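Following: one structure in structure tokens, then a few remarks.
In this text the structure is predicted, and so the values were computed from the model without any measurement. Note that ligands are numbered from 1 as they come in the structure, with each ligand's atoms numbered from 1 the same way.
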Amino acid sequence: MPSLSFPRTPISEITYTSLPESFYQFTNPTPVADPKVIFWNEGLADEFQFSDWNKQEETTAKFFSGSSLPDGIRPFAQAYAGHQFGHFTMLGDGRTIVMGEFQNRKGEWFDFQWKGSGRTKYSRNGDGRATISAMVREYIMSEAMAGLQIPTTRSLAVVKTGEPVLREEVQEGAVLTRVASSHIRVGTFEYAYQALSLDELEALFRYTVNRHAPELMSAENPALSFLEFVMKRQVTLVTHWMRVGFIHGVMNTDNMSLAGETIDYGPCAFMNGYFGKRVFSSIDANARYAFANQMGIAQWNLACLTNSLLPLIDPNEEKAIELAKAKLNELEMWFQESYIRMLGEKIGFPNLTEKDLPLLRNLYQWMQDREADFTNTFLVLEGVYTPKETIYQDSRWKDWVKDWQEEKKKQGIREEDAISLMQKSNPSFIPRNHMVEIALANVRQGQMSVAETLIKRSQNPYIRELGYDYGEEVPQGGDGNYQTFCGT
Ligand code: AMP
Ligand code: MG
């Protein structure tokens, strides 16, 4: 592979490969025929002082497609396992490779990873590649998540490869650069616990704690404290998803980041009409990862993490289990508290309590019965969107609004405080499925502008402005039979 000189060398190091070799494989990406940058995240590039690079340069295309590397770089693929739809499997980076760890202007370290960059020893039967649609979809969705201020991996660039990728239909390939606080997953710990020695599990634990919460190393029980740290981040993350109507779609334990970021944008989507059991993923036949199941699944995944940490919590297994169980009970409570608080904020109540839950239940039941749009309904309540839909004329809706107003008054909540909470909690824009599909169809035809506009709008999703056109058009029939796909 020819070596490449950077416009300016960003600060990079690799700490992950200080772990035992069982955790990774040094491997280079496979060069591609004709790399061209089609999306370049200027704002993110600037955060990492990559701003000397630009979309037009051949160097950028070569490096971010993994086709040509600077001297001294030692890329690697990570080993991990995971519970996929409840079944334990050995996995690993089958189509991603970490190019290095880079520091942002604040001095925080992030993994930069090529996705779709060719086979590794963990590829199993896969080709190590990704389609242009799948990578641009990840770029759009992850940037929308960042815009919503929800913890997420980011996307720095998408480079098309000039090579075909064979899926159900042939599409051009692309390589995405993913930026993450780390790529350590629940599945990384499951791998260490199930397949490696206690020393190796301990090494991973020390590495992870040092990277994400070094202060916990001096806690009375570091493993238990770290478990709590990861749990609380997941509580925050999944509560955010529930707030904006996001369905991750494939919450396998290998797709849950210990850093608490949304990761693995495969079959994810935002829902239009509210439906608790909403599923978009074509392979989620049992609705395991349905919208309303996400908090339960997060707890299931965290129980898998807990299990893998048991030997580090206490050498006495019984004692470890007892401590772990107590933490899992707390987890359930943290989820409840966080969820109830979030529900309250969506309707302008700063301190919603359990006794107010029937009010929320009635609203959600009404939305579900009427297939009301999840995003627009809260804008109607806030009073910024005057709906055209007749469902907002029905007596059940009007009665509910009356109950809500009365309860607000009873609790002494000032109108301006309620509005201010609702503005922060309810997005006025989400990248709706039909918009994403139109953008991707354009990208496949070589037209990037529709996707660029969508990304731009997604960067400002809480906009409240005089004259703003609230209440995005929802397609006839809502989400219809909209389907999403994993790993395309
Ligand atoms: P995901 O469903 O994206 O979380 O992927 C599950 C596993 O399959 C991971 O180990 C991926 O690295 C691997 N994988 C997905 N797509 C491919 C591909 N095209 N080639 C090789 N491995 C893949
Ligand atoms: Mg994955």
Side-chain angles (χ1 to χ4, degrees), residues 23-25 27-30 32 65-66 75-99 111 113-139 141-142 152-153 155 161 163-176 178 180 182-192 194-195 247-259 261-269 279-285 288-289 297-298 301 304-305 483-488:
F23 284 103
Y24 62 90
Q25 175 207 19
T27 183
N28 282 347
T30 310
V32 302
S65 62
F76 61 94
Q78 294 175 328
Y80 52 85
H83 276 89
Q84 300 191 302
F85 293 91
H87 304 285
F88 186 74
T89 326
M90 288 296 168
L91 296 161
D93 286 337
R95 58 164 172 175
T96 53
I97 296 175
V98 178
M99 60 175 84
D111 280 5
Q113 196 184 55
W114 293 285
K115 183 165 180 179
S117 52
R119 288 178 53 81
T120 72
K121 83 168 185 187
Y122 311 108
S123 297
R124 296 174 293 167
N125 297 323
D127 59 2
R129 293 297 185 192
T131 62
I132 195 167
S133 294
M135 294 304 92
V136 175
R137 193 167 196 281
E138 169 150 354
Y139 191 107
M141 300 304 275
S142 61
T152 179
T153 64
S155 302
T161 62
E163 291 177 2
V165 171
L166 191 66
R167 294 291 182 265
E168 261 150 43
E169 51 174 57
V170 178
Q171 256 196 55
E172 186 170 356
V175 179
L176 173 120
R178 177 160 75 183
S182 85
H183 286 90
I184 305 166
R185 307 141 190 273
V186 168
T188 319
F189 274 86
E190 290 182 286
Y191 165 68
Q194 299 278 356
I247 304 171
H248 181 283
V250 61
M251 288 177 72
N252 295 333
T253 56
D254 51 303
N255 293 336
M256 184 181 263
S257 147
L258 293 211
E261 292 171 340
T262 310
I263 190 169
D264 234 304
Y265 288 85
C268 66
V279 167
F280 292 118
S281 170
S282 61
I283 58 166
D284 192 3
R288 179 178 170 91
Y289 300 136
I297 287 293
N301 290 350
C304 292
L305 176 67
Q483 275 204 328
T484 54
F485 303 89
C486 285
T488 43

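Residue contacts with ligand 1: G94 is placed with a nitrogen or oxygen under 3.5 Å of a nitrogen or oxygen of the ligand (distance criterion only). Taking only nitrogen or oxygen atoms, main chain and side chain alike, D127 reaches within less than 3.5 Å of ligand 1. In terms of polar-atom proximity, D93 is not counted as a contact of ligand 1, lacking any N or O under 3.5 Å from an N or O of the ligand. Checked against a 3.5 angstrom limit, the closest N/O atoms of R129 and ligand 1 fall inside it.
Using a 4.0 angstrom heavy-atom cutoff, Y80 counts as in contact with ligand 1. Residue-ligand proximity: G266 is placed with every non-hydrogen atom at 4.0 Å or more from ligand 1.
One N or O on the side chain of D93 and one on the backbone of Q78 form a donor-acceptor pair closer than 3.5 Å. Between the side chain of S117 and the main chain of P29, no donor-acceptor pair closer than 3.5 Å is present. In terms of modelled atom types and a separation under 3.5 Å, the side chain of R137 and the main chain of G266 share a donor-acceptor contact. Proximity of a side-chain donor or acceptor of H87 to a complementary backbone N or O of G82 within less than 3.5 Å is not detected.
Between R124, R167, R119, it is R124 that holds the heavy atom closest to atom 8 (O) of ligand 1.
Here is the list of ligand 1 atoms found below 4.0 Å of a heavy atom in Q84: 6 (C). Which parts of ligand 1 touch D254 is read off a 4.0 Å heavy-atom cut-off, strictly below it: atoms 4 (O). Those atoms of ligand 1 with a heavy atom of N255 less than 4.0 angstrom away are 4 (O). Numbered from 1 in the order shown, with element, the atoms of ligand 1 that lie under 4.0 Å from a heavy atom of G128 read 18 (C), 19 (N), 20 (N), 21 (C). Heavy-atom contacts of L91 reach the following atoms of ligand 1: 7 (C), 10 (O) (cutoff under 4.0 Å).
By the 4.0 Å N-to-carboxylate-O rule, D127 lies close enough to R167 to be salt-bridged with it.
Less than 4.0 angstrom separates atom 2 (O) of ligand 1 from none of the non-hydrogen atoms of the protein. Not a single protein heavy atom sits closer than 4.0 Å to atom 5 (O) of ligand 1.
When all heavy atoms of V186 and C304 are compared, the pair lying nearest together is CG1-CB, 4.3 Å.
Regarding atom 14 (N) of ligand 1, its nearest protein heavy-atom neighbour is R95 CG, 4.3 Å. Looking from atom 10 (O) of ligand 1 to the surrounding protein, the closest heavy atom is G92 O, 2.6 Å.
The Mg ion (ligand 2) has no N, O or S atom of N252 inside 2.8 Å of it. Using a cut-off of 2.8 Å, one finds that D264 contributes an N/O/S atom close to the Mg ion (ligand 2).
Between the side chains of T161 and E172, not a single donor N or O lies within less than 3.5 Å of an accepting N or O. Judged by distance alone, the side chains of T153 and Y265 never bring a donor and an acceptor atom under 3.5 Å apart. T253 and E190 share a side-chain donor-acceptor pair at under 3.5 Å. When only modelled atom types and interatomic distance are considered, D284 and S281 share no side-chain donor-acceptor pair under 3.5 Å.
Ring geometry, Y289 versus F85: the interplanar angle falls from 30° to 60°, so the pair is classed tilted.
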